[in-house]
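Report on the following structure.
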Amino acid sequence: MQRPSLLAAALTAISCTILSACSKNHDFCDPSQQEQNFCPIVSLESIDPANPGITTAHYIIDYNETGNPLDILHFAGVYYPEFDYHFRYDQSHRLTDKILNITGYNTAMNWDRYSYPAKNIIWDSVFNYGNSGITDPRPEAGSYSLTWIYTLDKEGRIIKAQVAGSPDYTIYQYDARGNLIRSGVTYDNKINPYQTNAVWKLIFKDYSVDNPSLGVSGFPSDVLEYNFIGLPVLMQGVTGGGGGINLFDHIFYTQLKLTYACNTGQK
């Protein structure tokens with residue numbers, strides 16, 4: 001598990017918080033360094049307070065030498081099936097592949113291929129349920145499903161998502177603090193976990209600076225504890241017809257414990 005210069009990165013983030021010198025996006029002091037990552041998430045643990053001592057799902061996150069995620073691997077837990085994620089990058093450290101498989105099986109269940117035809121455009125080509133192995137250089141052509149076209153604003157955030165060939169599209173708007181505007185959703189003034197890495201923002205299409213404080217299906221809610229920087233370390237899920245909501249795809253929870261490289265000094 002390679003996490004070079006994590007101490008320096010954590011100290012930078014601490015300095016930002018103490019000196020109030022960070023930009024509104026929290027994750028860097030210098031707004032020009034928009035791809036800088038800090039205090040990476042190293043594990044996600046789904047727990048059920050009604051059954052103390054039982055881990056429903058525990059995932060470990062590995063990073064490469066540039067600080068971008070390589071894998072999210074199921075480590076332990078009682079949920080089945082469990083899933084793993086694998087990530088690849090080009091020479092410019094841009095995400096090129098996101099591969100999902102059921103833990104213990106080599107076949108890719110879902111494969112996203114990202115390309116960058118223009119400065120403000122990202123293509124996300126989706127391949128589903130083919131015969132591609134997770135170590136193959138590319139997904140099986142016959143498993144192609146569709147391509148998302150993402151349009152970015154000058155800050156690199158997704159502002160429009162459209163399936164290629166479809167007239168329909170979704171517009172993403174942000175408030176003055178940089179949070180995604182969602183009907184009925186308010187935010188705290190702390191740091192959204194997706195802000196710890198540019199990859200999370202892209203694959204979950206969520207560039208929000210802060211954490212939603214009113215739960216909606218598919219989004220985190222009700223932070224119970226923060227660490228000393230202001231990142232959530234314990235989040236309460238909102239239950240409903242679909243069960244607990246999820247921060248990362250396929251990781252459902254009643255409560256979610258997040259561990260970071262700088263996960264000390266909880267408050």
Side-chain angles (χ1 to χ4, degrees), residues 6 9-10 12-14 16-18 20 22-28 37-52 54-61 69 72 77 79 157 172 174-240 242-267:
L6 293 182
T12 298
I14 296 167
C16 290
T17 304
I18 293 174
S20 299
C22 284
S23 75
K24 68 179 183 179
N25 289 325
H26 289 312
D27 60 339
F28 43 85
N37 304 318
F38 83 102
C39 199
I41 305 168
V42 294
S43 77
L44 299 163
E45 184 176 357
S46 173
I47 57 178
D48 182 357
N51 297 286
I54 297 179
T55 297
T56 53
H58 190 184
Y59 291 83
I60 302 297
I61 304 176
I72 304 176
Y79 279 172
R157 304 174 300 188
Y172 295 79
Y174 303 87
D175 63 22
R177 279 190 57 82
N179 292 315
L180 187 62
I181 297 174
R182 305 181 181 110
S183 178
V185 178
T186 58
Y187 291 84
D188 63 15
N189 61 352
K190 302 294 185 180
I191 307 173
N192 190 305
Y194 292 154
Q195 289 287 323
T196 62
N197 196 287
V199 171
W200 307 142
K201 301 176 194 178
L202 171 58
I203 66 175
F204 297 113
K205 297 189 287 293
D206 188 348
Y207 296 74
S208 296
V209 170
D210 305 311
N211 301 288
S213 57
L214 176 63
V216 291
S217 178
F219 297 98
S221 178
D222 298 337
V223 179
L224 302 180
E225 295 180 28
Y226 301 89
N227 70 4
F228 69 138
I229 292 177
L231 284 161
V233 294
L234 185 63
M235 306 184 80
Q236 177 70 43
V238 175
T239 58
I245 61 172
N246 58 313
L247 177 63
F248 286 78
D249 283 350
H250 301 293
I251 301 178
F252 297 92
Y253 59 89
T254 302
Q255 289 184 353
L256 184 68
K257 179 180 178 181
L258 298 93
T259 303
Y260 305 86
C262 54
N263 202 50
T264 58
Q266 297 180 12
K267 60 180 180 180

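Worth saying up front: this structure is predicted, and the values here are computed from it rather than measured.
Ile60 places none of its side-chain heavy atoms less than 4.5 Å from the side chain of Val42. Within the 4.5 Å cutoff, no side-chain heavy atoms of Asn197 are placed close to those of Pro40. Ile41 is listed as a side-chain neighbour of Ile61, based on a closest heavy-atom distance under 4.5 Å. Looking at heavy atoms from C-beta onward, Arg157 lies in side-chain contact with Tyr174 at the 4.5 angstrom threshold.
Salt bridge Arg177/Asp210: present, at least one basic N to carboxylate O contact under 4.0 Å.
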Where do Lys257 and Leu44 land on the side chain to side chain contact (heavy atoms under 4.5 Å, CB included) test, with the steps shown first? CA-CA 6 Å; Lys257 179 180 178 181; Leu44 299 163; over 6 Å; no
Should His58 and Ser46 be marked as a side chain to side chain contact (heavy atoms under 4.5 Å, CB included) after you check the CA-CA gap, both sets of side-chain angles, and the distance that decides it? CA-CA 6 Å; His58 190 184; Ser46 173; over 6 Å; no
Does the pair Asn227 and Tyr260 meet the rule for a side chain to side chain contact (heavy atoms under 4.5 Å, CB included), with working shown? CA-CA 9 Å; Asn227 70 4; Tyr260 305 86; 3.9 Å; yes
As a quick check of understanding, evaluate salt bridge (charged side-chain N to carboxylate O under 4.0 Å, His left out) for Asp206 and Arg182, giving each step before the final call. CA-CA 11 Å; Asp206 188 348; Arg182 305 181 181 110; 2.8 Å; yes
Walk me through it: do Ile47 and Leu234 pass the test side chain to side chain contact (heavy atoms under 4.5 Å, CB included)? CA-CA 10 Å; Ile47 57 178; Leu234 185 63; 4.1 Å; yes
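Judged by distance alone, with hydrogens and angles left aside, the side-chain atoms of Asp188 form a donor-acceptor pair with the main-chain N or O of Asn211 at under 3.5 Å. Within the 3.5 Å criterion, the main-chain N or O of Ile181 finds no donor-acceptor partner in the side chain of Asp175. The backbone N or O of Ser208 sits less than 3.5 Å from a side-chain atom of Gln195, completing a donor-acceptor pair. A donor-acceptor pair under 3.5 Å links the side-chain atoms of Tyr187 to the main chain of Leu180, judged by distance alone.
Atom OH of residue Tyr226 and atom CE of residue Met235 lie 7.5 Å apart, to the nearest 0.5 angstrom.
Contact detail for Tyr59 and Ala57: the closest heavy-atom pair is CE1-CB, 3.8 Å. Looking at every heavy atom in both residues, Cys39 comes nearest to Ile229 through SG-CD1, 4.1 Å. Between Cys262 and Phe228 the shortest heavy-atom distance is O-CE2, 3.0 Å. The shortest non-hydrogen separation linking Pro193 to Leu231 is CA-CD2, 4.1 Å.
The side-chain tip of Lys201 does not point at the ring of Tyr207 from less than 6.0 angstrom away and within 45° of straight on.
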